[in-house]
Q: 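Got a structure here, written out as structure tokens. Questions coming.
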Number of protein chains: 2
Amino acid sequence: MKKDNHTRYAILGLLTTGCNTGYSIKQMIDNSLSHFWKISYGQIYPTLKSLVEEGYASVRITEQEARPDKKEYQITSAGIQLLQDWLQMPVLELPTEKNETLLKLFFSRHQGKVRTLELLDNHKEKLEQRYNTYKGIKEMIESRLSDGEDAVYWIMTLDYGLLTTNAAIDWCESAKEKLTK
Amino acid sequence: MKKDNHTRYAILGLLTTGCNTGYSIKQMIDNSLSHFWKISYGQIYPTLKSLVEEGYASVRITEQEARPDKKEYQITSAGIQLLQDWLQMPVLELPTEKNETLLKLFFSRHQGKVRTLELLDNHKEKLEQRYNTYKGIKEMIESRLSDGEDAVYWIMTLDYGLLTTNAAIDWCESAKEKLTK
DNA sequence: TTTAACATGTAATACGTTACATGATTAC
DNA sequence: GTAATCATGTAACGTATTACATGTTAAA
């Protein structure tokens, strides 16, 4: 396996969460990891293929009557080991999010204040939507998976999303005030 | 200019801030935009070249005695117009930051609690460094550029960084407590 | 009847980093 | 003498998205 493509580890890790097809991995990512990781099918299927080639996963084709054929992937013991090795590698750098709103704000002296207020309003609205989405997922996990070993960790990642999103919402308000006063 | 590459607009925008060489644009990004946008030389120089080709910037070569030749770029009126058009285009999607720490945390049932606490500690430490960096930049802008038209907006982007980083630091503490109790 | 959900995959393209290449001056 | 700063640029590579291609079933 190539050195440091975290997306590969994400896919490998998801094989330990009950997701065992490309399709269900994609769903899981969209539903539960989307606030800190996104992956498209264009990465998932080729990656699954190469994980099998390298011995970190195995695959079994299941025929289904009413549905297209399924490829069910299982993580191997070599795969578990690799996942654990990756987990223990220290994180060297904080992520830089590419924030289009902040980029536009940075250059906002070139546009009217009204437009800038609209920019902030739009951002706030989207943040509020995001906040509610996270809250929904958290409640879902708490009610349906609270006994699972993974649940504690999953909820922690959601709390991160909730807290930082909330801080960003507050910031929008104070930025708007700063512009209008 | 190709449709929606925001990095191109970032470079175009920086030409309005007194940065007029590839080198100084890179410095500006590393110093003042790095919390929401990063660009490498591999993007900057080709982009400047194509901005000139498309008429959004002009260039003038300056010979310097004691230094390598300089290419000084100026934004054209077509460039200003393009920048303004871009500013007015609504932001459609919130960014998803790829957060390696959260990804590892998500799969942390595969590692011991001690390791997970180390993961969180390491993250917190890096966040604190970042917080102090932002604070330093903010103070610098307030003392040296507070009269410029750009300053208000630049400080708002820094406040965003300070607020959300602070929320993330708080989260680290609460996550650690959750794991130890 | 048509849309959503299930299911897999590739090719073209876009975006971005890193390593390489060059070279002078100044400060330690 | 050697590291840092100034200064520009390309080629190779890595990463990721999008569009395309295919096909079934269940529900509205």
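Throughout, a chain's letter reflects where its sequence line sits, starting with A, and its residues are numbered from 1.
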Q: I need the CH2-P distance between B:Trp37 and C:dC15, as an integer number of Å.
A: 11 Å
Q: Looking only at side chains, do B:Arg8 and B:Ser50 share a donor and an acceptor under 3.5 Å apart?
A: yes
Q: Tell me the interatomic distance from A:Arg8, atom CZ, to D:dG14, atom P, rounded to whole angstroms.
A: 12 Å
Q: Kindly calculate the angle separating the two end axes of the helix from C:dT1-D:dA28 to C:dC28-D:dG1, each obtained from five base pairs, and round it to 10 degrees.
A: 40°
Q: Within the structure, does a side-chain N or O atom of A:Thr7 lie under 4.0 Å from either OP1 or OP2 of D:dA16?
A: yes
Q: Does A:Phe107 reach the side chain of B:Leu14, with side-chain heavy atoms less than 4.5 Å apart?
A: yes
Q: Report the residues that fulfil salt bridge (Lys or Arg N to Asp or Glu O under 4.0 Å) with B:Arg109, sequence neighbours left out, ordered by chain and then residue number.
A: A:Asp150
Q: I need the CG-C1' distance between A:Asn5 and D:dT15, as an integer number of Å.
A: 7 Å
Q: Just jot down the salt bridge (Lys or Arg N to Asp or Glu O under 4.0 Å) partners of A:Glu72, sequence neighbours excluded, or say none.
A: A:Arg60
Q: Report each atom pair, protein N/O against N/O of nucleotides 9-12 of chain C, whose distance is under 3.5 angstrom.
A:
residue: C:dG9; atom: OP1; partner: A:Lys71; partner atom: NZ; Å: 2.3

Q: What's the spacing between A:Thr164 OG1 and B:Asn166 CG if we round to 0.5 Å?
A: 12.0 Å
Q: OP1, OP2 of C:dT8 versus side-chain N and O of A:Tyr23: anything below 4.0 Å?
A: no
Q: Whole Å only: how far is the CG atom of B:Asn20 from the C1' atom of D:dT8?
A: 14 Å
Q: Please report the interatomic distance OG1(A:Thr165) to CD(A:Gln129), rounded to the nearest 0.5 Å.
A: 12.0 Å
Q: Can you pull out every side-chain hydrogen bond (donor to acceptor under 3.5 Å, both in side chains) where at least one residue sits in residues 75-85 of chain B? Sequence neighbours excluded, please.
A: B:Gln81-B:Asp85
Q: Name the nucleic acid region contacted by B:Gln27, choosing base, sugar-phosphate or nothing; use a 4.0 angstrom heavy-atom cut-off, strictly under.
A: sugar-phosphate
Q: Does A:Lys26 make a cation-pi contact with A:Tyr41 (under 6.0 Å, within 45 degrees of the axis)?
A: yes
Q: Under a 4.0 Å heavy-atom cut-off, which of residues 83-100 of chain A touch DNA chain D?
A: none
Q: Measuring from B:Leu163:CG to B:Leu158:CG, what's the distance to the nearest 0.5 Å?
A: 11.5 Å
Q: Between the side chains of A:Thr16 and B:His110, is a donor N or O closer than 3.5 angstrom to an acceptor N or O?
A: yes
Q: Can you tell me how far the CG atom of B:Asp4 sits from the CG atom of B:Leu92, to the nearest 0.5 Å?
A: 8.0 Å
